[in-house]
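See below for the structure under consideration.
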Amino acid sequence: MPMPLYEFRCDECGPFDVSLPMSEVSAAAPCPSCAQPARRALTPPRLGRGGSTAARLHDATARTASEPGLVSGALPGAPRRPSRPVTTDPRHRSLPRP
Ligand SMILES: [Zn+2]
C-alpha cells in the first residue's frame, strides 16, 4: 500500500514532499537539503489535482463527456488487426481464439 505524500515547506529551501505512514506524520520534518525543521504545509495528503497524472486523467475523462473524441482503430464489425497483443501473459496464448 503506497504511503501518502505530505508536503512540508522549508523556510530556506522551499517545499518538499515526504512519504510517511499516516500514523507517523507530524507537524514538522527535517528538510532534506539543509536539515532544518520544516513545517508541514497545510495541504491534505496528495490525492491528485495540481498537474498530477490523476488530475490530467480526470480532466480528460470529464472532457470526453461533452467532446467525444474521434474513434480510432477498427470500427465494430471491421476485421480486427491489433497492432499489439491484448495480453503479454504467455499463458493466454494457449487460450482458444474466436
Ligand atoms: Zn531547507
Side-chain angles (χ1 to χ4, degrees):
M1 176 174 166
M3 289 189 291
L5 271 182
Y6 293 92
E7 183 173 317
F8 290 80
R9 203 172 292 275
C10 174
D11 289 337
E12 298 292 326
C13 314
F16 60 95
D17 292 327
V18 176
S19 212
L20 285 171
M22 280 191 186
S23 57
E24 288 181 27
V25 70
S26 60
C31 171
S33 302
C34 67
Q36 294 297 309
R39 290 186 310 275
R40 181 146 82 90
L42 294 178
T43 57
R46 199 63 54 79
L47 296 174
R49 310 304 299 174
S52 71
T53 302
R56 282 197 301 276
L57 183 62
H58 181 275
D59 291 344
T61 303
R63 202 158 47 238
T64 59
S66 54
E67 304 169 23
L70 291 173
V71 174
S72 59
L75 293 170
R80 286 194 199 182
R81 295 211 170 110
S83 55
R84 62 184 169 83
V86 175
T87 171
T88 55
D89 190 324
R91 289 171 298 181
H92 291 171
R93 286 195 202 117
S94 60
L95 290 173
R97 309 219 167 243

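Positions are given from 1, in the same order as the sequence printed here. In each ligand, atom 1 is the first atom listed, and ligand 1 is the first ligand listed.
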Check residues 22-34 and write down every donor-acceptor pair under 3.5 Å in which the side-chain atom is one partner and the other belongs to a residue at least two apart or another chain.
residue : atom : partner : partner atom : Å
Ser26   : OG   : Ala28   : O            : 2.8

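The shortest non-hydrogen separation linking Leu20 to Tyr6 is O-CE1, 3.6 Å. Ala38 and Phe8 get closest at one heavy-atom pair: O-CD2, 3.5 Å.
Of all protein N/O/S atoms, those under 2.8 Å from the Zn ion (ligand 1) are Cys10 SG, Cys13 SG, Cys31 SG, Cys34 SG, and waters are not counted.
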